[in-house]
K.L.:
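Before I ask anything, here is the structure I am working with.
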There are 2 protein chains.
Amino acid sequence: MKKTILVFSLLIFAILLLFQISKYAVLSGSLKIEIIIGVIAIVFLIIGIYINKKSLHKNGVSSVGIDYKKISELEITAREYEVLQAISEGLSNKEIGNKLCLSESTIKTHVSNLLVKLNAKRRTQALQIAKSYKII
Amino acid sequence: MKKTILVFSLLIFAILLLFQISKYAVLSGSLKIEIIIGVIAIVFLIIGIYINKKSLHKNGVSSVGIDYKKISELEITAREYEVLQAISEGLSNKEIGNKLCLSESTIKTHVSNLLVKLNAKRRTQALQIAKSYKII
DNA sequence: AGTAGTTTGGTACTTTAGTATGACCTCTAA
DNA sequence: TTAGAGGTCATACTAAAGTACCAAACTACT
């Protein structure tokens with residue numbers, strides 16, 4: 001948040017500076033009006049692109065990162081988290097067991113524990129909840 | 001494609017017009033330089049935002065929205081898509097039936113069709129595939 | 001009016017998921 | 001050293017999920 005404020009302050013300052021420079025440059029006749037307008041146009045074109053990209057990142061799908069704090073808050077263990085990730089890949093219990101070199105029983109135990117910790121009734125609901133918590 | 005060329009031609013013409021108007025307005029002293037620069041800045045800011053949005057739409061799917069083209073490409077019907085969305089909310093077949101005022105049998109039919117169309121073996125896999133296609 | 005596609009629902013069945021419980025092992029901190 | 005936590009696996013069970021049919025009704029288009 002602080003970074004955003006800093007960036008915007010600098011941006012506004014730069015724009016004001018640009019305005020003043022261009023104004024005096026034109027009045028003193030040291031620069032042609034076409035060049036000033038061209039520079040202004042290019043600068044604001046870039047700013048427009050930048051702002052748009054930012055806003056898309058903000059309310060977009062773009063991954064923000066995983067909330068590791070939440071994972072430990074929910075007391076989800078490393079093994080359980082591995083299983084959760086495998087579930088999100090759409091694997092069955094047997095396939096997860098295969099992938100992690102464990103028996104299907106073990107996976108079932110982990111899944112059961114996960115469902116309790118995530119307060120879910122099904123693995124699909126666990127997925128939805130985990131996503132809302134930003135832990136996958 | 002023709003539309004794009006037309007839009008760009010008009011845009012370039014408008015920009016050139018703007019340049020000339022602003023130049024003569026300043027030289028004749030009928031408008032203050034600050035106002036001209038401000039207008040130029042705003043216009044190019046908007047153009048920048050517009051171009052960026054266009055380019056995002058162009059190379060693949062827009063990072064924000066849903067790839068509706070892909071949905072129809074996969075021949076997923078409206079009802080099936082509703083069911084797919086309900087699955088992504090972590091609902092069971094019975095709950096989906098409840099939500100859409102349909103029997104569980106009907107939901108099972110829709111789910112089965114969805115799995116075939118998405119080439120998935122399980123609903124969790126369907127979810128993962130649907131996400132990779134950006135249709136949910 | 002007939003055809004194709006969608007939607008809805010059913011039965012009967014197999015497979016997968018999930019629960020409950022108990023057992024054994026390993027590691028770590030009190 | 002012993003209690004606790006994490007991990008592993010098993011059995012037995014119930015509940016969902018998914019498959020494979022079938023059939024009727026309801027569009028929309030020709």
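Basis for what follows: all heavy atoms, side chains included, without hydrogens, waters or symmetry-related copies. So you know, we letter chains A, B, ... as the sequences are listed, proteins then strands, and number each from 1.
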K.L.:
Just to confirm, is there a sub-4.0 Å distance from OP1 or OP2 of C:dG18 to any side-chain nitrogen or oxygen of A:R123?
P.N.:
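Result: yes.
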K.L.:
Could you list the cluster mates of A:I42? Members are the ILVMFWY residues connected by side-chain heavy atoms closer than 4.5 Å, either directly or through other members.
P.N.:
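Answer for A:I42: A:I46.
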K.L.:
Are OP1 or OP2 of C:dT8 and a side-chain N or O of B:R79 less than 4.0 angstrom apart?
P.N.:
yes
K.L.:
For D:dC9, does OP1 or OP2 lie under 4.0 Å from any side-chain N or O of A:H110?
P.N.:
no
K.L.:
Side chains of residues 124-132 of chain A: which donor-acceptor partners sit under 3.5 Å, not counting sequence neighbours?
P.N.:
| from | atom 1 | to | atom 2 | distance (Å) |
| --- | --- | --- | --- | --- |
| A:Q125 | OE1 | A:K121 | N | 2.9 |
| A:S132 | OG | A:I129 | O | 2.7 |

K.L.:
Who pairs with B:E82 by side-chain contact (heavy atoms from CB on, under 4.5 Å), at least two apart in sequence or on another chain?
P.N.:
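With sequence neighbours excluded, B:E82 shows a side-chain contact (heavy atoms from CB on, under 4.5 Å) to B:R79, B:L100, given in chain and number order.
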K.L.:
Whole angstrom is fine here: how far is it from CG in A:N113 over to C1' in C:dG18?
P.N.:
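One finds 12 Å between C1' of C:dG18 and CG of A:N113, rounded.
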K.L.:
Does OP1 or OP2 of C:dG9 have a side-chain N or O of B:T106 closer than 4.0 Å?
P.N.:
yes
K.L.:
Reckon B:S92 touches a base, only the sugar-phosphate, or nothing at all at heavy-atom distances under 4.0 Å?
P.N.:
sugar-phosphate
K.L.:
Can you sort out the partners of A:E89 under side-chain hydrogen bond (donor to acceptor under 3.5 Å, both in side chains), two or more places apart, ordered by chain and number?
P.N.:
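Here the qualifying residues are A:K99.
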K.L.:
Among Ile, Leu, Val, Met, Phe, Trp and Tyr joined by side-chain contacts under 4.5 Å, find the other residues sharing a cluster with B:V116 and list them by chain and number.
P.N.:
none
K.L.:
Scan residues 114-121 of chain B against DNA chain C and write down, sorted by residue number, each residue with any heavy atom closer than 4.0 Å; if none is found, say none.
P.N.:
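Residues of residues 114-121 of chain B that come under 4.0 Å of DNA chain C do not exist, since none gets that close.
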K.L.:
Could you list the residues that satisfy side-chain contact (heavy atoms from CB on, under 4.5 Å) with B:S103, not counting sequence neighbours?
P.N.:
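Listed in chain order: B:S105, B:T106.
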K.L.:
Where along residues 93-103 of chain A does a heavy atom fall under 4.0 Å from DNA chain D?
P.N.:
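DNA chain D contact set from residues 93-103 of chain A: A:L102, A:S103.
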K.L.:
Between the protein and nucleotides 21-27 of chain C, which nitrogen or oxygen pairs come in under 3.5 angstrom?
P.N.:
none

K.L.:
Return the set of residues passing side-chain contact (heavy atoms from CB on, under 4.5 Å) with A:E80 (not counting sequence neighbours), or none when no residue passes.
P.N.:
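Residues passing side-chain contact (heavy atoms from CB on, under 4.5 Å) with A:E80: A:I76, A:T77, A:H110, A:N113, A:L114, A:K117.
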K.L.:
Angle between the end axes of the helix from C:dA1-D:dT30 to C:dA30-D:dT1, five pairs per end, to the nearest 10 degrees?
P.N.:
50°
K.L.:
Please list all pairs meeting salt bridge (charged side-chain N to carboxylate O under 4.0 Å, His left out) that have one or both residues in residues 68-78 of chain B, counting only residues at least two apart or in different chains.
P.N.:
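As it turns out, the salt bridge (charged side-chain N to carboxylate O under 4.0 Å, His left out) pairs with a partner in residues 68-78 of chain B, which skip direct neighbours, are B:K70-B:E73.
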K.L.:
Mind checking if B:T77 touches a base, just sugar-phosphate, or nothing, with heavy atoms under 4.0 Å?
P.N.:
sugar-phosphate
K.L.:
Are the side chains of B:Y68 and B:I135 in touch, meaning some heavy atoms are under 4.5 Å apart?
P.N.:
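Of all side-chain heavy-atom pairs linking B:I135 with B:Y68, none is under 4.5 Å.
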